[in-house]
Asks: 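The structure is given below, and queries will be raised subsequently.
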Amino acid sequence: MRWLCENASCFAVKMLLDELKAELRIRHYSRRTEESYLGWVKRYVLFHKKRHPRDMGSQELQAFLTYLAVDQRVSASTQNQALCALLFLYREVLKIDDLTVELSRRAQRPERLPVVLTKQEVRAVLDRMTGTARLVAGLLYGAGLRLMECLMLRVKDLDFARNEITVRDGKGQKDRITMLPEVVKEPLLRHLQRVRRLHERDLDQGAGRAPLPDAMNRKYPNADREWGWQWVFPATSLYFDSEAGMERRHHLHESVVQKSMKQAVREAGITKPASCHSLRHSFATHLLEAGYDIRTIQELLGHSDVRTTMIYYAQTPDMCSKQI
């Protein structure tokens, strides 16, 4: 953060960012949310010529949001994310909650139908993917997982005897159980054999310690070496964890799967703007077409409100007519 070291005011902003990071971690926000919120606060400060947020208020906040919407033409969800970050800063860190009601008004997100692939299109895409990316995509479609939920799976989260996958700390900090598709069991077992050999090699080299949630590493000092806590889809290279002071292996980066998916969609000649998340949408839609109960699909997807799951009725006209 070299840009914060020019004078005392900038140093104060740096201290504020440290306070923001601490407040986010106290509330157990995800690291991705932490990075996002810190990024928005930095952009907000830079937009206003490095003024301290305590010296600004409703007018400056409104000006920044207007700049994002009018000049940068960001989406409604991006604008709302910036607003959430700045409201958190003012209310939880600076303890300023007298912002005007107008600033709390959220940008209206347009209602869009999810991109859903047919079964033939899903097969065409998966046939053009290989290696670990192919296995991940198979789980996204076969289990209805979000991409990061899949990449953050630990070995202990897979139950091959019960054909179940336990999703830990999913969206909204919720756990849930979904199905382990039979078709991926054999390739997944072969994949885990390779991953175990990699883990044993890391241990021999003084690495092989997976990051554990919360303070588990203090309660169970050697748990991070155990096979069950390792990533199902580890990265191909090690990195140095400066906080822990050791080399670790992170889980596979999402861009690896995203690029493979994009190339497969292009090679399959599919014109739909399909992404990795489209496989999750396709999972839900195809279950609905197969006659599964909407509540069952809701639980498998981890939706808090069944109305979120009901959007898939729009993708299945026959089911929609039956409901009517």
Side-chain angles (χ1 to χ4, degrees), residues 1-107 148 151-152 169-173 210-218 235 239-248 250-251 253-255:
M1 289 186 290
R2 189 176 301 171
W3 61 276
L4 292 174
C5 302
E6 295 179 357
N7 51 48
S9 176
C10 291
F11 182 76
V13 174
K14 182 181 182 301
M15 296 295 293
L16 179 65
L17 291 176
D18 291 338
E19 292 180 33
L20 174 61
K21 182 187 295 186
E23 202 67 37
L24 288 166
R25 293 192 178 182
I26 289 173
R27 288 167 167 75
H28 295 279
Y29 279 65
S30 70
R31 287 301 177 91
R32 286 177 171 269
T33 302
E34 177 184 311
E35 292 172 1
S36 175
Y37 276 29
L38 288 171
W40 281 119
V41 172
K42 290 177 185 177
R43 289 182 64 178
Y44 176 60
V45 171
L46 287 173
F47 177 76
H48 288 294
K49 311 300 181 183
K50 302 181 183 179
R51 293 171 60 195
H52 195 287
R54 187 179 290 106
D55 300 327
M56 299 185 283
S58 301
Q59 185 176 352
E60 288 81 6
L61 182 52
Q62 181 65 64
F64 179 67
L65 295 174
T66 302
Y67 161 76
L68 292 178
V70 177
D71 297 339
Q72 297 297 303
R73 304 185 66 177
V74 301
S75 66
S77 59
T78 300
Q79 187 181 1
N80 283 334
Q81 184 187 70
L83 177 59
C84 287
L86 295 172
L87 288 179
F88 185 92
L89 171 71
Y90 276 102
R91 292 173 177 171
E92 307 301 333
V93 180
L94 296 175
K95 306 302 180 183
I96 299 174
D97 55 3
D98 59 347
L99 300 176
T100 62
V101 177
E102 181 183 0
L103 293 177
S104 299
R105 187 175 59 224
R106 307 297 173 117
M148 290 308 301
L151 296 180
M152 295 180 70
D169 198 21
K171 188 174 182 179
Q173 297 182 328
L212 300 183
D214 301 325
M216 281 195 63
N217 57 332
R218 290 199 296 271
Y239 77 101
F240 185 77
D241 187 342
S242 57
E243 292 186 5
M246 66 178 70
E247 282 193 320
R248 296 190 191 275
H250 200 47
H251 60 71
H253 197 273
E254 62 270 24
S255 63

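Computation of the quantities below employed the complete heavy-atom set of this structure, encompassing side-chain atoms and omitting hydrogens, waters and symmetry-equivalent molecules.
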Asks: Rounded to the nearest 0.5 Å, how far does CD of Q72 lie from OG1 of T66?
Replies: 12.5 Å
Asks: Report the distance from atom CZ of R54 to atom OH of Y90, rounding to the nearest 0.5 Å.
Replies: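 Here the rounded value is 10.0 Å.
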Asks: Checking K95 side chain against E92 main chain: does a donor-acceptor pair fall under 3.5 Å?
Replies: yes
Asks: Would you compute the distance between atom CE of M246 and atom OH of Y239 and round it to the nearest 0.5 angstrom?
Replies: 9.5 Å
Asks: Specify the closest pair of heavy atoms between L68 and A82, including all atoms of both residues, with the distance to one decimal.
Replies: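 Closest pair (atom of L68, atom of A82, distance): CD1-CB, 3.7 Å.
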Asks: Check whether the side chains of S77 and Q81 place a donor and an acceptor atom closer than 3.5 Å, and report yes or no.
Replies: no
Asks: Find the distance between NE2 (H28) and OG1 (T33) and round it off to the nearest 0.5 Å.
Replies: 13.5 Å
Asks: Taking all non-hydrogen atoms of both residues into account, name the closest pair between F64 and R43 and its distance.
Replies: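 So the minimum-distance heavy-atom pair works out to CE1-O, 3.8 Å.
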Asks: Is there a side-chain contact between L24 and L20 (heavy atoms, below 4.5 Å)?
Replies: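 The answer is yes, as the side chains (C-beta and beyond) meet within the 4.5 Å cut-off.
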Asks: Which heavy atom in L17 sits nearest to a heavy atom in L38, and how many Å separate them?
Replies: O-CD2, 3.7 Å
Asks: Other residues, nucleotides and ligands only: do more than 12 of their heavy atoms fall within 6.0 Å of CZ on R27?
Replies: yes
Asks: Under 4.5 Å between any side-chain heavy atoms of R25 and R31, yes or no?
Replies: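 A side-chain contact exists here, since the closest heavy-atom pair is under 4.5 Å.
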Asks: Any heavy-atom pair between the side chains of T78 and W40 that's under 4.5 Å?
Replies: yes
Asks: Are there over 12 heavy-atom neighbours, none belonging to M15, within less than 6.0 Å of that residue's CE?
Replies: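 Open: at most 12 neighbouring heavy atoms sit under 6.0 Å from CE of M15.
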Asks: Considering non-hydrogen atoms only, spot the tightest contact between H48 and A63 and give its length.
Replies: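 Where H48 meets A63 most closely, the heavy atoms are CE1-CB, 4.3 Å.
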Asks: Closest approach of V13 and R51, non-hydrogen atoms and distance?
Replies: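 Minimum heavy-atom contact is CG2-O, 4.5 Å.
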Asks: Are any of the side-chain heavy atoms of H251 and M148 separated by less than 4.5 Å?
Replies: yes
Asks: With side chains defined as the heavy atoms from C-beta onward, is the minimum distance between Y37 and L89 less than 4.5 Å?
Replies: no
Asks: Do the side chain of E60 and the main chain of G57 share a donor and acceptor less than 3.5 angstrom apart?
Replies: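 Judged by distance alone, yes, a pair lies under 3.5 Å.
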Asks: Taking all non-hydrogen atoms of both residues, which atom of Q79 and which atom of L65 are closest, and how far apart?
Replies: NE2-O, 3.8 Å
Asks: Looking at side-chain heavy atoms only, is the closest gap between P213 and D169 below 4.5 Å?
Replies: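 In short, these two side chains do not touch, never coming nearer than 4.5 Å.
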